[in-house]
Structures are given as structure tokens and as C-alpha cells.
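Computation of the quantities below employed the complete heavy-atom set of this structure, encompassing side-chain atoms and omitting hydrogens, waters and symmetry-equivalent molecules.
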Amino acid sequence: MERLPRDVVLDILSRLPVTTLAQSKSVCRSWRSIIQGSVLVDKHLLRMSEPENDPCIIFQSPPPILDHYYFVDFAAYS
């Protein structure tokens with residue numbers, strides 16, 4: 001990923017499901033930094049707000065309890 005321009009990486013990652021992004025944070029430090037950054041979050045939320053996408057969100061618990069994630073699939077609710 002070091003050879004790809006940052007905007008290309010952000011575009012690719014913004015297309016991934018939230019669950020995959022959460023798992024991908026442990027690949028390396030640079031991925032973690034990109035995935036936790038506000039630019040990707042904004043881009044991902046914008047893409048997920050498109051009508052053809054099912055909205056969902058993942059919450060990470062704050063310290064001291066790490067690695068606890070809560071998944072909400074809004075498509076399951078009317």
C-alpha cells in the first residue's frame with residue numbers, strides 16, 4: 001500500500017464493509033492510522049449514506065476495556 005497514492009487507498013478502504021475495516025486495523029500501524037482517521041470515516045459514512053447501501057455502524061468500547069466492538073445494522077430496523 002506504500003506505493004499507492006493515499007487518495008486511492010482511502011477510496012479502496014471506504015468501499016469495505018465496516019466489519020472488515022475493524023478487522024483490518026490490526027494489519028499494520030499505517031492501516032490502523034488510516035482506518036481510525038477522520039478522512040476515511042467521513043468518506044465511508046458518505047458512501048454508506050447512498051440509497052443502495054444498508055447502513056450500519058460499529059462502536060469500539062473506550063479504554064480500559066479494549067477490543068470490544070458493538071455492531072448495529074440499521075437495515076434490521078424499520
Side-chain angles (χ1 to χ4, degrees):
M1 295 262 283
E2 294 173 0
R3 296 176 189 220
L4 292 174
R6 186 173 176 85
D7 58 329
V8 173
V9 173
L10 287 167
D11 189 58
I12 292 168
L13 292 176
S14 72
R15 296 171 187 273
L16 294 176
V18 175
T19 51
T20 303
L21 285 174
Q23 294 169 344
S24 300
K25 287 185 349 179
S26 61
V27 170
C28 65
R29 288 180 182 165
S30 63
W31 280 35
R32 184 181 187 93
S33 175
I34 292 171
I35 291 169
Q36 290 182 325
S38 62
V39 175
L40 180 63
V41 171
D42 292 343
K43 192 172 187 76
H44 196 272
L45 285 174
L46 182 63
R47 189 175 304 282
M48 289 298 110
S49 67
E50 294 172 354
E52 65 272 3
N53 292 317
D54 291 330
C56 64
I57 192 166
I58 291 182
F59 296 98
Q60 181 180 12
S61 63
I65 305 170
L66 298 176
D67 298 327
H68 281 87
Y69 296 92
Y70 303 94
F71 178 77
V72 179
D73 182 5
F74 294 109
Y77 301 97
S78 56

Residue pair K43 / L10: nearest heavy atoms and the distance that separates them: CD-O, 3.9 Å
If the condition is side chain to side chain donor-acceptor pair (under 3.5 Å), which residues does D11 pass it with, not counting sequence neighbours? R15, R47
Rounded to the nearest 0.5 Å, what separates atom CD1 in I35 from atom OG in S30? 9.0 Å
Heavy-atom side-chain contact between L21 and L40 under 4.5 Å: yes
Between H44 (side chain only) and L13 (backbone N and O only), is there a donor and an acceptor less than 3.5 Å apart? no
